[in-house]
Amino acid sequence: MQQFDLVVIGGGSGGVRAARIAAGHGAKVALVEEYRLGGTCVIRGCVPKKLMVYASRFAQEFEEAHGFGWTVGQSHFDWATLKANRDREVARLESVYRSNLLAAGVTLFDSRAVLQESHVVRLTDGTLLQGKTILVATGARPETGPAIPGLELSIDSNGFFELEQLPKQVVVQGAGYIALELACVLRRLGSEVSVVLRGEQILRGFDDELRAHLSNELAAIGIRFLFGRTFAAISRQGAGLQVTLDDGQTLDADCVLRAVGRTPNTAGLGLQEAGVALDAKGAVRVEGLSQTSVPHIHAVGDVTNRVNLTPMAIREGHAFADTVFGKTPRGVDHTLIPSAVFTTPEAGVVGLTEAQALQQYPHLDVYRTTFRPMKATLSGHASRVFMKLLVDRDTDRVLGFHAVGPDSGELAQLVGVTLQLGATKSAFDATLAVHPTAAEELVTMRTATVRHNL
Ligand code: NDP
C-alpha cells in the first residue's frame, strides 16, 4: 500500500490542476488516469475541435478574398493532413501535461482506479494507493441517448475525432454546443449536414434572439434543420446509412452523429459503496467547496455536473487544492460565466439572457443591433453580426451580453471582465470607440430597442 496525502482519480483539466497545485503546497500527490492525460478538453474536445474550426473557416476566407482583388487558385482540402497535424498537436499537449505533473512532483499511474474503501484506491494491476484525501475528477462521456434500432451504427463526439475521412452526408442529432460546433465544421469543410432536434429552436438556455439569429445564419450556409423531430431508427442502406425520424421521414447519410448531452463518469468507480452520494443523473453531489457526502472525498469538474466547462473545472480544482492543502479557503463563483459556441459565425455570451433578466429586473432595457460587418461590403458575404446588451434601468447595470459574429468568443471574455466589475451602461457609453471595429457597436448603442416595464 503506497501512502499519499492526495490521490486524484482522473487526469483531465480539473484533476491535473488540483494535483499540481496541491503538490506545490507540499502535499504528496498521486494521479491516476486510465486513458490519456489532458482529459476531454485536450484529447477529444475543446482543443482538437478548435483546430478543426480553424480549418473549416478557410473556405469562406477564400471566397471573400475575390472582392478584395485576390484570385485564389484551385483549393483542395485534405482531411488526412488535418487529422494528422491535429493529432500530433494533441499528443504534444498530452506530453506537456505529463511533464508538468512530473515536474511538480506528482506520481503518475496509467491505470483505471476504483475506490476499494473510502481511503483506498485499487488500480487494475492490484496496486493499492492510500489517500488521506481523494479527489474524483473523472469527467463525463457522451450520453448515448434513447435506445433505438441501429444506434450502434452512429458515432458520438469521440467517434468524430477518429473519422478517417470527411463524410459526404451527415445527420446530427441534438442542437447544443457539440452538435452545432461539429455540424458547422463538417458543413464548412464541404459535407451536406442535417441537424435533427427535438425542440423548436437550437441552443436551449441561450438568449432567444441569439438562438434565432444563429439558426438563420447556420441555415444560410446550408445546414438543414429538422425541428421537433427525433430519431426512430438507423439502418444500413447499401453502402451507406439511413436515419428514420419519428414522423417516418428518412434521411440518407454516410455518418450519423449523436450529440445529445453528456453523462458523468461515475459508474463502476466504487463511489456509492464508499458512501459517496450521487444525484439522479449519476453526478457526484457536492456541497460548499467540492466536498462530497464523505468529508475526505472531493469532486471537481464535469463529474459533478455543475457548470460543464473546462475553465470551471480548472478553477474548482485549484480552489480545492488551495483550500485543503494551501490553508487558503477559496470559493468558486458559479455565476457570470462567459462562454462561446464555436460555430462559424461564433456566438459569445456572458450574463443573463433576456428571459432570465426579466424574472428579476422589471425595468429592463434591451439594446440590440444587427449589421453587415465592414468586410462584407467588399466580399459581398451576406452574414450579419448580432449584438445585444441587457441593462437594468433602475441601476444602469449591464446584466447580459450576447453576440453572434467573428470573434464573439473573444468579446465575451472581455465584456465578462466589465460585468465582473459591475459595469454600467453609462460606462460603456463613456468608453471611446475603437474605429473601425465591430465591437465599437457596444459603446455606440444609444437608444434602447425595447424598454420593458413589468
Ligand atoms: P447540450 O446540453 O449543450 O446539448 C444537448 C442537446 O441534445 C440539446 O439540443 C438537447 O435538446 C439534445 N437532447 C438531449 N437529450 C435528447 C434526447 N433524448 N433526444 C433528442 N435530443 C436530445 O450538450 P452537448 O453534448 O452539446 O455539450 C455538453 C456540454 O459540454 C455543454 O453543455 C457545455 O457545457 C460543454 N461544451 C462546451 C463547449 C464550449 O464551451 N464551446 C463546447 C462543447 C461542449 P433540448 O435542447 O431539447 O434539451
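Please read these numbers as outputs of a predicted model, since none were measured by experiment. All residue numbers refer to positions in the sequence shown, counting from 1.
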Hey, is the main chain of A30 close enough, under 3.5 Å, to the side chain of T107 for a donor-acceptor pair? no
Distance (rounded to the nearest 0.5 Å) between T323 OG1 and I21 CD1: 12.0 Å
Are any of the side-chain heavy atoms of V114 and I9 separated by less than 4.5 Å? no
Side-chain donor or acceptor of R198 paired with backbone N/O of T230 under 3.5 Å: no
Over all atoms of both residues, closest heavy-atom pair of I178 and S157: CG2-CB, 3.9 Å
For S379 and E64, which heavy atoms make the closest approach, and how far apart are they? OG-OE2, 2.7 Å
I need the L218 CG to I223 CD1 distance, nearest 0.5 Å. 5.0 Å
One pair to check against side chain to side chain donor-acceptor pair (under 3.5 Å): E316 and H334. What are the steps and the verdict? CA-CA 10 Å; E316 288 168 3; H334 285 97; 2.7 Å; yes
Are the side chains of V136 and V276 in touch, meaning some heavy atoms are under 4.5 Å apart? no
Evaluate N305 against N308 for side chain to side chain donor-acceptor pair (under 3.5 Å), listing each step before the verdict. CA-CA 6 Å; N305 196 28; N308 298 330; 2.9 Å; yes
E354 and H402: side chain donor to acceptor below 3.5 Å: no
Q169 vs S191, side chain to side chain donor-acceptor pair (under 3.5 Å): CA-CA, chis, key distance, verdict: CA-CA 6 Å; Q169 272 186 310; S191 307; over 6 Å; no
Going from CG on L37 to CG on D110, what distance comes out if it is rounded to the nearest 0.5 angstrom? 6.5 Å
I'd like to know if the side chain of T418 reaches the main chain of A423, judged simply by a donor and an acceptor atom lying under 3.5 Å from each other, with no hydrogens or angles considered. no
Should the pair E89-R92 be classified as a salt bridge under the 4.0 Å nitrogen-to-oxygen rule? yes
Are any side-chain N or O atoms of S154 and backbone N or O atoms of L257, one a donor and one an acceptor, separated by less than 3.5 Å? no
4.5 Å side-chain heavy-atom contact, V47 and L93: yes
L251 and Q242, any side-chain heavy atoms less than 4.5 Å apart: no
Is a side-chain donor or acceptor of R384 paired with a backbone partner of T370 at a separation under 3.5 angstrom? yes
Show your reasoning for whether salt bridge (charged side-chain N to carboxylate O under 4.0 Å, His left out) applies to D322 and R330. CA-CA 7 Å; D322 280 349; R330 212 184 275 290; 2.6 Å; yes
Of the non-hydrogen atoms in V260 and G145, which two are nearest, and what is the gap between them? CG2-CA, 3.8 Å
Kindly compute the distance separating NZ (K425) from CG (L399), expressed to the nearest 0.5 Å. 12.5 Å
Determine whether more than 12 heavy atoms belonging to other residues, nucleotides or ligands lie under 6.0 Å from atom CZ of F77. yes
Looking at S194 and V171, would you say the former's side chain and the latter's main chain have a donor-acceptor pair under 3.5 Å? no
Verify the distance criterion only: is there a donor paired with an acceptor across the side chains of Q201 and S215 at less than 3.5 Å? yes
After noting the C-alpha distance and the side-chain angles of V196 and F225, does the key distance pass the side chain to side chain contact (heavy atoms under 4.5 Å, CB included) rule? CA-CA 6 Å; V196 176; F225 288 105; over 6 Å; no
Nearest heavy atoms of V195 and A183, plus distance in Å: CG2-CB, 3.9 Å
Any chance you could measure D247, atom CG, to R229, atom CZ, to the nearest 0.5 Å? 4.0 Å
Tell me if the CZ atom of R315 is crowded by more than 12 foreign heavy atoms within 6.0 Å. no
Is a donor on one side and an acceptor on the other found under 3.5 Å between the side chain of R188 and the backbone of T344? yes
Output the distance between atom OG1 (T437) and atom CE (M374), rounded to the nearest 0.5 Å. 10.5 Å
Check E346 with R57, please: is the shortest side-chain N to carboxylate O separation under 4.0 Å? yes
Checking K50 against F342: charged group under 6.0 Å from the ring centre and within 45 degrees of the axis? yes
How are the rings of F325 and F320 set to each other: parallel, tilted or perpendicular (split at 30° and 60°)? perpendicular
Quick one: do S235 and L241 satisfy side chain to side chain contact (heavy atoms under 4.5 Å, CB included)? Show the steps, please. CA-CA 6 Å; S235 56; L241 300 170; over 6 Å; no
Can you tell me if Q165 has over 12 outside heavy atoms packed within less than 6.0 Å of its CD? no
Carboxylate-amine/guanidinium proximity below 4.0 Å for E143 and R258: no
Taking every non-hydrogen atom, the tightest pair across L180 and A175: CD1-O, 3.7 Å
Are there over 12 heavy-atom neighbours, none belonging to E287, within less than 6.0 Å of that residue's CD? no
When you compare the side chain of L31 with that of F109, does any pair of heavy atoms fall below 4.5 Å? no
Would you call D78 and K83 a salt bridge, taking side-chain N to carboxylate O under 4.0 Å as the test? no
For H381 and Q60, run side chain to side chain donor-acceptor pair (under 3.5 Å): C-alpha distance rounded to whole Å, both residues' side-chain angles, the deciding distance at 0.1 Å, then the answer. CA-CA 9 Å; H381 203 270; Q60 187 175 325; 3.3 Å; yes
Are any side-chain N or O atoms of N265 and backbone N or O atoms of T138, one a donor and one an acceptor, separated by less than 3.5 Å? yes
Let me see the working for R285 and L278 under side chain to side chain contact (heavy atoms under 4.5 Å, CB included), right down to the final yes or no. CA-CA 5 Å; R285 279 183 196 275; L278 306 182; 6.0 Å; no
Is it the case that over 12 heavy atoms from other parts of the model lie below 6.0 angstrom from the CZ atom of F58? no
Under 4.5 Å between any side-chain heavy atoms of L390 and Y361, yes or no? no
Please lay out, stage by stage, how Y367 and F401 fare under the test ring-ring contact (aromatic ring centres under 6.0 Å, His included). CA-CA 10 Å; Y367 294 82; F401 161 76; over 10 Å; no
Atom NZ of K281: over 12 foreign heavy atoms under 6.0 Å: yes
Does some side-chain heavy atom of P264 sit less than 4.5 Å from a side-chain heavy atom of V284? no
Pair K388 + E209: basic N to acidic O under 4.0 Å: yes
Quick one: does L189's side chain get under 4.5 Å of W79's, heavy atoms only? yes
Using distance alone, with no hydrogens and no angle criterion, decide if T124 and R112 have a side-chain donor and acceptor under 3.5 Å apart. no
Verify, without hydrogens or angle tests, whether D407 (side chain) and E410 (backbone) share a donor-acceptor contact under 3.5 angstrom. no
P146 versus L151, closest heavy-atom pair with distance: O-CD1, 3.9 Å
Check the pair V243, L245 against side chain to side chain contact (heavy atoms under 4.5 Å, CB included), reporting the backbone distance first and the verdict last. CA-CA 6 Å; V243 177; L245 303 185; 3.8 Å; yes
